Novice: 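I'd like to ask some things about the structure below.
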Protein chains: 2
Amino acid sequence: MPHPSNRSAIELFLRRLRSHSTLNEEERAEILRLSAIPLDIKAHTDFVRLGETVDHACLVTEGLVGRFGQTEDGKRQFVSVHVPGEMVDLPSVMMPQSATALNTLTRTSIVRIPHKALRDVGFRHPAIAAAFWRVCVLDAGIVAQWLVNVGRRDARSRMAHLFCELAVRYRLMDQSDGISFELPMTQDQLADALGLTAVHTNRMLQTLRGEGLLSITRSRVEILDKVALETAAEFDPGYLLPKSPD
Amino acid sequence: MPHPSNRSAIELFLRRLRSHSTLNEEERAEILRLSAIPLDIKAHTDFVRLGETVDHACLVTEGLVGRFGQTEDGKRQFVSVHVPGEMVDLPSVMMPQSATALNTLTRTSIVRIPHKALRDVGFRHPAIAAAFWRVCVLDAGIVAQWLVNVGRRDARSRMAHLFCELAVRYRLMDQSDGISFELPMTQDQLADALGLTAVHTNRMLQTLRGEGLLSITRSRVEILDKVALETAAEFDPGYLLPKSPD
DNA sequence: CGGTCGGTTGAAAGCCTTCAAACGGTGTGG
DNA sequence: CCACACCGTTTGAAGGCTTTCAACCGACCG
């Protein structure tokens, strides 16, 4: 598979910014001019540890990155997963010592953007700073929905909700028609995103398949009955689609 | 009980800002000059509904405010609770249509600060905008920890974690010595914060009491064995105490 | 070809929920 | 001043969703 250039990753990121924030031509140019150091990381690698202090943010070019917390006995909980075009740890610009760690769910390419560059460009252009802030707020809203999901929905509904959300997020990045999309996650990883065990994740997956709601293989999800899936999930995409750009 | 003035609520908020962000004298004065419309709300009131668009942010003066999501059958999950001195929905400045609702856990006084005022002051003073952004990042980090808590810890540990966190947060607001603090939450509300049922919340509370870890009445928590409680919770306050102010 | 990884399956155990009922404190009205 | 109602807490028993433990399978890799 051809490797998207770093350039295109930043363009994707800019597109996402513009979907909810207004940026003039100069501001857009500034974003595209950000220095971006590419880096390929193999699957299942913790490339930012808990408590580590970082001086750059990561933008996903290809693959999938998960942010997670961990209990002392090693159980993990993904707090978010990030698809290409998303900045994984933009919050780290404001809080360089993170209480969450980063892990590649599959072989992944990222570009690293220095905090200093992000701060500088935000300082020069308040509209950019506002856009960054807004992205953080949006991402935090997703985490909040995950919390509702894990706290108050049963496994089947919870799982349906995750797939509905990811379908929308891939579509927003033009990497899906909203029906099917690449999702290179193992069932262990799905379990860690849903607050379940891998065994039960497997069984629920089979339930959803058996009900004809979706078809899923190791790396691809296809939604077969969107209405039924969204009903099962009680899914409302409002939190992913901000109303107005100011 | 004497009613703290609005002034002192904003002062408390400013103090929190300064604990992690550097603001010069003029910037501090700007914060204190923000217009603040006081409002008293009775207990158990949803004063911001799901999907509602707001044009002001709420700062808690006295009492306790919870932000929550809800499933279709009415089950609630608190996504955060906010003590006096905290801005409940600063993110709403960037995202006026919230996917979470607001509820008073007890009789509560707030002040409402217009989004426009917050945006203007942030636009004029990049350092203030950065401070606001940083608060949002910190709060999002707390939500992330809650997600880890609900997703991967059992009820006892989860509950211990919540009390450890609140002890620190009250202490940061100088409303506690870190050992005991006012917590006017019912067990139903605790349950909604922990992703449990009220019945099981009650039983776990008794467990913690029985183990001599804490003493809790309707409105006050006292930590009796801090070390044991933090051990049970696997509590690490790092996510509440940012390293450096820039 | 053996080894590893991810997926699948079965059975038993357990944590938590659900359903129901009773208890105690507080505020209100007669 | 007492009675009653309401709210939040407490307790018991039963059931269920999810976990845990174990084993097996298939695919891919060196």
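Just so you know, these numbers come straight off a predicted model, no measurement behind them. Below, chains carry the letters A, B, ... as their sequence lines are ordered, and counting in each starts from 1.
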Novice: What is the distance from CZ of A:R203 to P of D:dT19, rounded to the nearest Å?
Specialist: 10 Å
Novice: Between the axis at one end of the helix from C:dT8-D:dA23 to C:dG30-D:dC1 and the axis at the other (five pairs apiece), what's the angle to 10 degrees?
Specialist: 30°
Novice: Which residues pass the side chain to side chain contact (heavy atoms under 4.5 Å, CB included) test with A:T100, not counting sequence neighbours?
Specialist: A:R67, A:S98
Novice: Relative to each other, are the rings of B:F235 and B:H161 parallel, tilted or perpendicular (30° and 60° limits)?
Specialist: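 Perpendicular, since the angle between the ring planes exceeds 60°.
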Novice: How close do B:A167 and B:I223 get, counting heavy atoms only, and between which atoms?
Specialist: CB-CD1, 3.8 Å
Novice: Grab the CZ-P distance between A:R158 and D:dT18 for me, whole Å please.
Specialist: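 My rounded result for the distance is 7 Å.
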Novice: So, are A:D154 and A:R156 salt-bridged, with charged N and O less than 4.0 Å apart?
Specialist: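 No, this pair does not count.
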Novice: Working to the nearest 0.5 angstrom, can you tell me the gap between B:D225 CG and B:L213 CG?
Specialist: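 B:D225 atom CG to B:L213 atom CG measures 6.0 Å (nearest 0.5 Å).
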Novice: Quick check for you: to the nearest 0.5 Å, what is the distance between A:I216 atom CD1 and A:L214 atom CG?
Specialist: 6.5 Å
Novice: Check whether B:S157 reaches the backbone of B:A232 with its side chain - one donor and one acceptor, N or O, closer than 3.5 Å.
Specialist: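 Yes: the side chain of B:S157 pairs with the backbone of B:A232.
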Novice: Once hydrogens and angles are ignored, does a donor-acceptor distance under 3.5 Å link the base of D:dT18 to the side chain of A:R153?
Specialist: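 There is none.
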Novice: For the pair B:Y170 and B:F181, name the ring-plane relationship: parallel under 30°, tilted 30 to 60°, perpendicular over 60°.
Specialist: parallel
Novice: Would you mind checking if B:K226 and B:D177 are paired as a salt bridge, meaning a charged N to carboxylate O distance below 4.0 Å?
Specialist: no
Novice: Nearest-Å distance, NZ (A:K75) to C1' (D:dT18)?
Specialist: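 Going from A:K75 (NZ) to D:dT18 (C1'), I get 12 Å.
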Novice: A:M204 CE to D:dT18 C1': how many Å, rounded?
Specialist: 9 Å
Novice: Salt bridge (charged side-chain N to carboxylate O under 4.0 Å, His left out) with A:D192: which residues, sequence neighbours excluded?
Specialist: B:R152
Novice: At their closest point, which heavy atom of B:Q189 faces which heavy atom of B:T104, and how far apart are they?
Specialist: NE2-O, 4.4 Å
Novice: Any donor-acceptor pair under 3.5 Å linking the side chain of A:R16 with the backbone of A:M173?
Specialist: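 Here the side-chain-to-backbone pair does not exist.
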Novice: Can you build the contact string for nucleotides 25-30 of chain D? Use B for base contact, S for sugar-phosphate-only contact, and - for no protein heavy atom under 4.0 Å.
Specialist: ------
Novice: Where does the chain B footprint on DNA chain C start and end, counting 5' to 3' with a 4.0 Å heavy-atom cut-off?
Specialist: C:dC16 to C:dC19
Novice: Distances for protein N/O vs nucleotides 8-10 of chain D N/O pairs under 3.5 angstrom?
Specialist:
residue, atom, partner, partner atom, Å
D:dG8, OP1, B:H44, NE2, 3.1
D:dG8, O3', B:R218, NE, 3.2
D:dT9, OP1, B:Q187, N, 3.4
D:dT9, OP2, B:Q187, N, 2.8
D:dT10, OP1, B:R209, NH2, 3.4
D:dT10, OP2, B:Q187, NE2, 2.6
D:dT10, OP2, B:N202, ND2, 2.7
D:dT10, OP2, B:R209, NH2, 3.4
D:dT10, O5', B:N202, ND2, 3.3

Novice: Taking all non-hydrogen atoms of both residues, which atom of A:T106 and which atom of A:P184 are closest, and how far apart?
Specialist: CG2-CG, 3.6 Å
